[in-house]
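A short write-up of the structure that comes next.
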Amino acid sequence: SSAIAWLNSAATHAANGHFGKMESIILEHEKGFLIAQSTNSERQSFVNASFDKDGKLGVIKHKISELIPSIRQVIAEGVD
């Protein structure tokens, strides 16, 4: 889809700009935000959250980061 192509382009340009691998992406919409953050170094899974314009981006990113270890544990238990 065009959205996936757009995200891939952003990741490629970030890597080419020597920013390293993409860890998260923030999409701003008219009424709010969507954030997707990777849960592992392979970038094979991610967590996303959407919130309105009153949400505080830094707080949301911090809360997602706090959840990632638990998400990794659930994924690992599912693999066993």
Side-chain angles (χ1 to χ4, degrees):
S1 84
S2 61
I4 292 171
W6 184 78
L7 294 172
N8 285 335
S9 176
T12 299
H13 287 293
N16 290 343
H18 306 291
F19 292 112
K21 289 184 179 180
M22 187 177 294
E23 295 177 0
S24 66
I25 192 159
I26 301 160
L27 301 172
E28 183 175 0
H29 298 275
E30 180 181 351
K31 296 181 180 180
F33 298 91
L34 172 75
I35 182 169
Q37 185 164 331
S38 64
T39 60
N40 58 27
S41 60
E42 293 82 28
R43 311 302 189 258
Q44 294 175 339
S45 60
F46 63 92
V47 174
N48 68 13
S50 58
F51 50 99
D52 63 21
K53 291 278 187 168
D54 292 331
K56 296 191 177 4
L57 182 58
V59 172
I60 302 289
K61 277 192 61 110
H62 179 73
K63 292 297 183 185
I64 290 172
S65 294
E66 288 180 337
L67 289 172
I68 287 176
S70 298
I71 293 166
R72 285 185 188 144
Q73 183 176 353
V74 168
I75 292 169
E77 290 172 358
V79 171
D80 291 339

Glu30: partners by side-chain contact (heavy atoms from CB on, under 4.5 Å), with sequence neighbours left out:
none
Looking at Ala5, is its backbone amide N or carbonyl O close enough to the side chain of Ser9 to form a donor-acceptor pair, meaning the two atoms are under 3.5 Å apart?
no
Side-chain touch Ile25/Ile35, heavy atoms, less than 4.5 angstrom:
no
So do the side chains of Ile26 and Phe33 get within less than 4.5 Å of each other, counting heavy atoms only?
yes
For residues 49-57, please give each side-chain donor-acceptor pair under 3.5 Å, one per line with the distance, not counting sequence neighbours.
unit_1, atom_1, unit_2, atom_2, d
Asp52, OD1, Asp54, N, 3.0
Asp52, OD1, Gly55, N, 3.4
Lys53, NZ, Glu28, OE2, 2.6
Lys53, NZ, His29, O, 3.2

